[in-house]
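Every chain is numbered from 1, with letters handed out A, B, ... down the list of sequences.
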Protein chains: 2
Amino acid sequence: MPYDPSAFPPFAVTVDLVVLTVRRHALCALAVRRGEPPFQGRWALPGGFVRADEDLTQAAARELAEETGLRAHDPAVPAQDNGAHLEQLATYGDPKRDPRMRVVSVAHLALAPDLPAPRAGGDASNARWAPVEELLQQGGYGRDGEPVAPLAFDHAQILADGVERARSKIEYSSLATAFCPPEFTVGELRRVYEAVWGVALDPRNFHRKVTGTPGFLVPTGGTTTRQGGRPAQLFRAGGATLLNPPMLRPEV
Amino acid sequence: MPYDPSAFPPFAVTVDLVVLTVRRHALCALAVRRGEPPFQGRWALPGGFVRADEDLTQAAARELAEETGLRAHDPAVPAQDNGAHLEQLATYGDPKRDPRMRVVSVAHLALAPDLPAPRAGGDASNARWAPVEELLQQGGYGRDGEPVAPLAFDHAQILADGVERARSKIEYSSLATAFCPPEFTVGELRRVYEAVWGVALDPRNFHRKVTGTPGFLVPTGGTTTRQGGRPAQLFRAGGATLLNPPMLRPEV
DNA sequence: ATCATAGTCGTCTGCCTGACGATAAACACT
DNA sequence: AGTGTTTATCGTCAGGCAGACGACTATGAT
C-alpha cells in the first residue's frame with residue numbers, strides 16, 4: 001500500500017482538554033462557551049487545532065496554558081510544585097462528530113489544584129468551573145435554575161471518559177496529589193478522594209493507609225490549622241507514582 | 001477561534017495495530033514486512049489509512065480483518081466465542097514520526113487466541129508472529145541468527161505501550177480469556193498469565209483464585225486432557241469483565 | 001470552662017494471599 | 001499389571017491488610 005498523497009483523505013486534528021479540579025468538595029471541569037456555530041452559545045471543552053510543527057502533547061500543553069495559565073507538569077521532573085498533570089486520554093474520530101468536516105480530536109486529561117477564576121481570552125463569562133455532574137446531566141436545570149444544555153459535539157462522552165480515568169487512576173497512583181497545592185494535609189488529600197469518588201472515607205483508616213504507603217507522602221515539618229480543629233501535619237507528594245497495594249474505592 | 005479551512009494544516013490519519021497472542025508459552029505480536037520506502041524491508045506493525053467515511057474503531061477492525069481474518073469482538077455482545085478483543089490504545093503524532101508527511105496514528109490493541117498462520121495479502125513471508133522481546137530488542141540477533149533491525153517508525157514504542165497495557169489490564173479485568181479459545185482449562189489460562197507477565201505462578205493458588213472469583217469462569221461440564229496429565233475441567237469466560245479483587249502480578 | 005471540629009494513634013476481626021503438603025486421574029513406560 | 005511422570009485439584013496454615021470503631025489530642029468558637 002504505497003503512500004499516494006491522493007490515496008488518503010485529509011483530516012483536521014485537534015486537541016480537546018478535560019481539565020479537572022476539586023472545588024468546594026466537588027469534582028469540577030473547565031468549560032468554555034462557544035462563540036460561533038456550530039453549537040454557538042453552548043458549553044464545550046477547551047481545545048483547538050494542532051499546529052503543523054507541534055507534537056500532540058505540546059498542543060495540549062499550549063491550549064492548557066492559554067485557557068488557564070497553567071504550565072503542564074514535565075513528567076521527567078517529579079514532585080514539581082507548579083503546573084498541572086497532563087496526559088493523553090483518548091482519540092475521538094467519528095465521521096459525523098463535527099458537522100462541518102472530518103475532525104479527529106485527541107483528548108487530553110489535566111488535573112489541577114483549585115485555581116482562581118478561569119480565563120478565556122480575558123472574558124470570564126465565557127469560561128467556568130462546573131461540577132461534572134452538572135455538565136454531564138442531560139437536560140434538566142442547573143443549580144442556578146437555568147436550563148442545562150448538553151455539551152457541544154461529543155464532549156459529554158469525552159468528559160465522562162476523562163472523569164472515569166481520573167476516578168480509576170487515583171486508585172493505583174499518587175495522582176490525587178495533583179489536585180492538591182504543593183503542601184497539603186492528610187485531610188485535604190482525603191477530601192480529594194471523597195470528591196472525586198463521591199463517597200465518604202473513614203479518616204482514621206485513610207490516615208493509616210496513606211501515611212503507611214512508602215513514597216506517597218513526605219512530611220515537610222510544618223503544620224497548619226486552615227481546616228479548623230487540631231493542627232495537621234503538612235506533606236508534599238513523595239517520589240512514588242504507583243501505589244502498591246492500591247487505594248481501595250468502596251463498593252457502590 | 002473560527003474554523004477557517006485555511007487555518008489548520010491537513011493531517012493524514014492512520015490506525016496501527018498491536019495484535020497480541022500467546023504462542024508456545026510466549027507473548028507474540030503480529031509484524032508485517034514493509035514493501036516500500038521508508039523503512040523498506042523492515043518489520044512494522046500492521047496498519048493503514050482511515051477512510052473518509054470510517055470511524056476509528058471501524059478502521060482498526062477492517063485492518064485487523066485484512067491482516068488476520070479475525071472479526072473484532074463487539075463490546076455489546078459479551079462472551080462471544082469468535083473474534084478478538086479490540087480497543088483503542090493511544091495516539092502518536094510526533095511531527096517527524098513519518099519522514100514524508102504529517103501522520104497521526106491512532107494505535108489499537110487487539111488480543112487474539114493462538115491462530116493459524118498470519119496472512120498479509122496472501123504472502124506469508126511478509127507477515128509473522130514474533131515474540132515481543134525479539135521485536136523490542138534493539139540490535140542483536142534473533143533466534144534464527146539473523147540480525148534484528150528495530151521496528152519501523154515509532155512502532156517499537158507503540159508495541160511497548162500495547163504490551164504494557166495488556167500486562168496491566170489482565171490484572172484487573174477478565175481480558176486474559178481473550179487469549180484463550182472459547183473453551184479452556186484453568187491451566188491454559190494460567191499459562192496465558194505466565195506468558196504475558198513472564199513469571200511462574202503457583203498452580204494451586206491460581207486455581208483457587210480464578211475459580212473463586214464470581215463471574216470470571218463458567219464451567220461447561222466437559223473435561224479435556226489435551227495438556228496431558230489428569231483431565232481438567234473446561235470453562236468459558238463468564239460475564240464479569242472487572243475482577244475485584246484483582247489478580248496480583250508477583251513482584252519483580 | 002465547655003463545646004465543636006479535625007487530626008492521630010490503637011485494637012480487633014475477617015478476608016485474602018503466598019507457601020506448600022497431599023491426593024487424584026490420566027498417559028508412557030517396562 | 002506396576003511404576004513413574006505429568007497435570008489438576010483440594011486443604012492447611014501463617015502473615016498482612018482493610019474495615020469498623022474506641023480513645024485521645026490540639027486547636028478555635030461560644
Pair of N/O donor and acceptor under 3.5 Å linking dA6(C) base with R230(A) side chain: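 Looking at the base of dA6(C), it does not pair with any donor or acceptor on the side chain of R230(A) (distance under 3.5 Å).
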Donor-acceptor pair present, R204(A) side chain and dG7(C) base, under 3.5 Å: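 Result: no qualifying N/O pair found.
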Between atom [atom1] in [X] and atom [atom2] in [N], what is the gap in whole Å?
X       : N       : atom1 : atom2 : value
N205(A) : dG10(C) : CG    : P     : 14 Å
L217(A) : dG7(C)  : CG    : C1'   : 14 Å
R208(A) : dT11(C) : CZ    : P     : 12 Å
L234(B) : dA8(D)  : CG    : P     : 11 Å
R249(A) : dA18(D) : CZ    : P     : 16 Å
Q233(A) : dT25(D) : CD    : C1'   : 13 Å

From the options [options], select the nucleotide whose nearest atom is closest to the side chain of [X].
X       : options                   : answer
R190(A) : dT9(D), dG7(C), dG19(D)   : dG7(C)
P231(A) : dA26(D), dG18(C), dC10(D) : dA26(D)
P203(A) : dA19(C), dA18(D), dT8(C)  : dT8(C)
P245(A) : dA18(D), dA19(C), dG7(C)  : dA18(D)

Worked verdict on L89(B) versus H108(B) for side chain to side chain contact (heavy atoms under 4.5 Å, CB included): CA-CA 5 Å; L89(B) 177 58; H108(B) 289 251; 5.5 Å; no
R128(B) bridged to E134(B) by N-O distance under 4.0 Å: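 A salt bridge is present here (some side-chain N lies under 4.0 Å from a carboxylate O).
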Side chain to side chain contact (heavy atoms under 4.5 Å, CB included) between L175(B) and L111(B), worked out: CA-CA 8 Å; L175(B) 217 53; L111(B) 307 183; 3.6 Å; yes
Centroid separation F184(B) to F235(B) less than 6.0 Å: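 Ring-ring flag for F184(B)/F235(B): false, centres at least 6.0 Å apart.
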Phosphate OP1/OP2 of dC16(C): any K209(B) side-chain N/O under 4.0 Å: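 False: K209(B) side-chain N/O out of range (4.0 Å or more) of dC16(C) OP1/OP2.
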N/O (side chain, H207(A)) to phosphate O (OP1/OP2, dG7(C)) under 4.0 Å: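 False: H207(A) side-chain N/O out of range (4.0 Å or more) of dG7(C) OP1/OP2.
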Sugar-phosphate, base or nothing in reach of R226(B), heavy atoms under 4.0 Å: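 Nothing, no heavy atom under 4.0 Å.
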First encountered from the 5' end of DNA chain C, between Q227(A) and D202(B):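 Closer to the 5' end of DNA chain C: Q227(A).
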